[in-house]
Amino acid sequence: MRIEQDLKLDFRDVLIRPKRSTLTSRSEVDISRQFVFLHSRRKYHGIPVIAANMDATGTFEMARALAKHKLSVALHKHYAEAELLAFFRELAVKSTAFYSTGINPPDYDKFRRVMDQAGDAIEYVCVDVANGYTKAFIDFLLKLRTAYPQVTIMAGNVVTGEMTEELTLDGVDIVKVGIGPGSVCTTRKMSGVGYPQLSAIIECADAAHGLGGLICADGGCAAPGDLAKAFGGGADFVMLGGMLAGHDECDAEIVERDGARKMRFYGMSSRAAMERYAGGVAEYRAAEGKEVLLDCRGPVENTVQEILGGVRSACTYVGARRLKELSKRTTFIRLVQQLDEVGRAGDGETMGSPR
């Protein structure tokens, strides 16, 4: 046993300090990015925000809606093969969506069958596991990279620099960073394992960028300002779940409570998810996610505008004309409380990334 004494930070522990700027309007800010991926060598140009591969947000409908704004979606992995083939053959959306897969043999077999029929329509793959520190995960990635050198691979999740380096060297183009920060994730509570998300981003970005790789910050964003902090900390992409949940484009059950329409939203390791897709919680494990009811929020369009507007605003406060300049112009200041939440009763917690 050992204890690390270095300070580790979540989004709610900091603010971005403003700096002198020559920008006169948010409209002058370019929040798109261009990348050439390290291993696939494919080119990317878009706004680097990705809807999470949860069954609520990783939908075809969400992909079509976000594609209009040059945002991406990681599709959930429970679509049938025929559905995936039909979607990826739509030329308008082929470059905005990640095919998502686990690492079990049936997952790989399904991916091979879809790839054999889809050809080069699938450009991006998200390999998603809760624990990116296992040998089985690494072995799967090596097999995938060898078989499909032309595919851009995003994989995780990890939270440390050394594992980010290993994944990057093993063929991953975008390392997915985050263990436990999601709004419906209870991994930290159930297992005691995790890492403060902002520090994970900073450390993993440094490790990946030193090798020419990229990272995606996955989890913990509860407001547009959290995306700005993630990008300011060095994230190349940011993945959103809860912020995009509750919209018309989500695939979720709608219920009525006290005359109001609510939408179910749950973590993909929750009891609800495992009962839906795995026949229940296996006897050797515990659920590491929860279920909540969200207000129905209508089309995702307005939320997207809010998110992108917040990021543009952050750039104007520090004088970054382009999103790629934000991390170079970001200075974080530590704080005790972000907001004075007028009228909030109860436990005294401040607003920020959900634990």
Side-chain angles (χ1 to χ4, degrees), residues 1-4 6 8-9 33 35-42 44 48 50 52-53 74 77 98-105 107-108 111 123-182 185 187-188 191-220 230-231 233-239 268-269 288 327:
M1 186 278 293
R2 63 184 296 267
I3 297 176
E4 290 189 13
D6 295 344
K8 305 299 179 184
L9 301 168
R33 291 296 307 268
F35 300 114
V36 177
F37 296 113
L38 177 63
H39 297 286
S40 73
R41 306 312 300 170
R42 290 186 181 272
Y44 167 90
I50 306 171
N53 54 306
K77 55 190 177 186
F98 289 75
Y99 178 108
S100 295
T101 180
I103 63 171
N104 294 321
D107 297 321
Y108 188 69
F111 175 68
E123 299 180 9
Y124 301 93
V125 177
C126 173
V127 183
D128 181 61
V129 297
N131 179 3
Y133 288 79
T134 67
K135 184 178 183 300
F137 180 56
I138 297 297
D139 290 344
F140 181 90
L141 292 172
L142 291 171
K143 179 171 69 172
L144 183 66
R145 173 51 72 203
T146 300
Y148 300 98
Q150 79 285 5
V151 167
T152 299
I153 298 175
M154 175 169 66
N157 283 23
V158 299
V159 289
T160 53
E162 66 271 15
M163 202 63 194
T164 298
E165 289 176 342
E166 179 166 348
L167 294 181
T168 301
L169 292 170
D170 287 340
V172 175
D173 296 291
I174 310 166
V175 176
K176 199 144 68 77
V177 174
I179 292 179
C185 178
T187 293
R188 294 179 182 180
S191 70
V193 175
Y195 211 93
Q197 183 68 346
L198 180 59
S199 286
I201 291 167
I202 293 169
E203 295 171 26
C204 294
D206 181 64
H209 295 167
L211 296 172
L214 304 171
I215 71 161
C216 175
D218 177 19
F231 286 127
D236 305 290
F237 292 83
V238 174
M239 179 171 277
M268 296 309 290
S269 291
E288 293 183 19
S327 63

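Numbers for residues simply follow the sequence, beginning at 1.
- Taking the six-membered ring where the residue is Trp, Phe35 and Phe237 present tilted rings, their angle falling between 30° and 60°.
- In this structure, OG1 in Thr152 is found 6.5 Å from CD1 in Ile174, a value given to the nearest 0.5 Å.
- Pairing each heavy atom of Gln197 with each of Gly219, the nearest pair is NE2-O, 3.3 Å.
- In this structure the side chain of Ile138 never reaches within 4.5 angstrom of the side chain of Thr134, judged on heavy atoms.
- You'll find the side chain of Lys135 stays beyond 4.5 Å of the side chain of Phe137, heavy atoms only.
- The CD1 atom of Ile50 lies 8.0 Å from the SG atom of Cys126; values are rounded to the nearest 0.5 Å.
- Contact detail for Ala147 and Tyr108: the closest heavy-atom pair is CB-OH, 3.5 Å.
- The shortest heavy-atom contact between Gly234 and His209 is O-CE1, 3.2 Å.
- Side chains of Asp128 and Thr101 form no contact here, defined as non-hydrogen atoms less than 4.5 Å apart.
- Residues Val175 and Leu214 have side chains not in contact (no heavy-atom distance under 4.5 Å, counting atoms from C-beta outward).
- Between Arg145 and Asp170 there is no salt bridge, since no side-chain N of the basic residue sits under 4.0 Å from a carboxylate O of the acidic one.
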Item to complete: Please lay out, stage by stage, how Val193 and Arg188 fare under the test side-chain contact (heavy atoms from CB on, under 4.5 Å).
Response: CA-CA 5 Å; Val193 175; Arg188 294 179 182 180; over 6 Å; no
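- Once rounded to the nearest 0.5 Å, the distance linking OG of Ser327 with CG of Asp236 reads 8.5 Å.
- Of all heavy-atom pairs between Cys185 and Gly180, the closest is SG-CA, 3.8 Å.
- Summarising the geometry, atom CG belonging to Leu144 is positioned 7.5 Å from atom OH belonging to Tyr148; distances are rounded to the nearest 0.5 Å.
- Put simply, the side chain of Asp206 does not reach to within 4.5 Å of the side chain of Ile202, judged on heavy atoms.
- Side chain of Gln150 to main chain of Glu123: no donor-acceptor pair is present (N/O by atom type, distance under 3.5 Å, no hydrogens or angles).
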Worksheet item: Does the pair Arg41 and Val36 meet the rule for a side-chain contact (heavy atoms from CB on, under 4.5 Å), with working shown?
Response: CA-CA 6 Å; Arg41 306 312 300 170; Val36 177; 3.6 Å; yes
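- With values rounded to the nearest 0.5 angstrom, Thr146 atom OG1 is found 10.5 Å from Lys143 atom NZ.
- For Ser100 against Lys77, the heavy-atom pair with the smallest separation is O-CB, 3.4 Å.
- The closest donor-acceptor contact from the side chain of Asp173 to the backbone of His39 lies under 3.5 Å.
- Residues satisfying the side chain to side chain donor-acceptor pair (under 3.5 Å) test with Glu203, not counting sequence neighbours, are Lys8, Tyr195.
- Nearest heavy atoms, Ile179 versus Asn157: CD1-O, 4.0 Å.
- By the 4.5 Å heavy-atom criterion applied to side chains, Val238 and Cys216 are not counted as neighbours.
- Annotation: side chain of Val125 is in contact with side chain of Val127 (closest heavy-atom distance under 4.5 Å).
- The shortest distance between side-chain heavy atoms of Ile153 and Leu141 falls below 4.5 Å.
- Met154 contributes atom CE, which lies 14.5 Å from atom OH of Tyr99 (distance to the nearest 0.5 angstrom).
- Side chain to side chain, Ser40 and Tyr124 fail the donor-acceptor criterion of an N or O pair below 3.5 Å.
- Counting only distance, with no hydrogens or angles, the side chain of Asp218 and the backbone of Gly178 share no donor-acceptor pair below 3.5 Å.
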